[in-house]
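Working notes, beginning with the structure itself.
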Amino acid sequence: MEPLVVREAGGEVHALAGRCSHMAGPLAEGDIDDGRVRCPWHGSVFRLSDGRNLRGPAMSPQPSFECRAVAGHVEARLRLRLRPRPRP
């Protein structure tokens, strides 16, 4: 999975899967503004900090990565999304 990596003006680093969860549009070619990325193919909008879909047509969040900067390099690992336990 090739990630989209964004370093914001404040120095915070975010990484999302590079292909949109809707129809695999190239997010690296999308508009990035105000902590969000817009897919250039169909306009889905995702929050950079956690991949949450803010506007469709995408119905699923974008896979996201936990990031940290170490010695001038970015390290990233896939963020696990735990499903809530069903209520008894």
Okay, side chain of His22, backbone of Cys20: is any donor-acceptor separation there less than 3.5 Å? no
List the atom of Cys67, the atom of Val74, and the distance in Å for their closest heavy-atom pair. CB-CG1, 4.4 Å
Here the gap from Ser44 atom OG to Leu54 atom CG, rounded to the nearest 0.5 Å, amounts to 10.0 Å
Contact between Phe65 and Pro3 at the side-chain level, heavy atoms closer than 4.5 Å - yes or no? yes
For the CH2 atom of Trp41 and the CG atom of Leu27, what is their distance to the nearest 0.5 Å? 10.0 Å
Looking at Gly43 and Arg55, what are the two nearest heavy atoms and their distance? O-NE, 3.9 Å
When you look at Val5 and Arg7, which way does the side chain to side chain contact (heavy atoms under 4.5 Å, CB included) test go after all the steps? CA-CA 7 Å; Val5 179; Arg7 179 177 216 121; over 6 Å; no
When rounded to the nearest 0.5 Å, the distance separating SG of Cys39 from CG of Asn53 is 12.5 Å
Quick one: are His14 and Glu8 in side-chain contact, heavy atoms under 4.5 Å? yes
Donor-acceptor under 3.5 Å (Asp50 side chain, Arg52 main chain): yes
When you measure from the side chain of Gln62 to the backbone N and O of Ser21, does any donor-acceptor pair fall under 3.5 Å? yes
If you apply the rule side chain to side chain contact (heavy atoms under 4.5 Å, CB included), what do you find for Val37 with Leu48, and how did you get there? CA-CA 7 Å; Val37 61; Leu48 291 171; 4.0 Å; yes
Could you give the distance from CZ (Arg47) to CG (Leu16), rounded to the nearest 0.5 Å? 11.0 Å
Go through His42 and Met23 one step at a time and tell me if the side chain to side chain contact (heavy atoms under 4.5 Å, CB included) criterion holds. CA-CA 8 Å; His42 300 108; Met23 292 194 66; 3.9 Å; yes
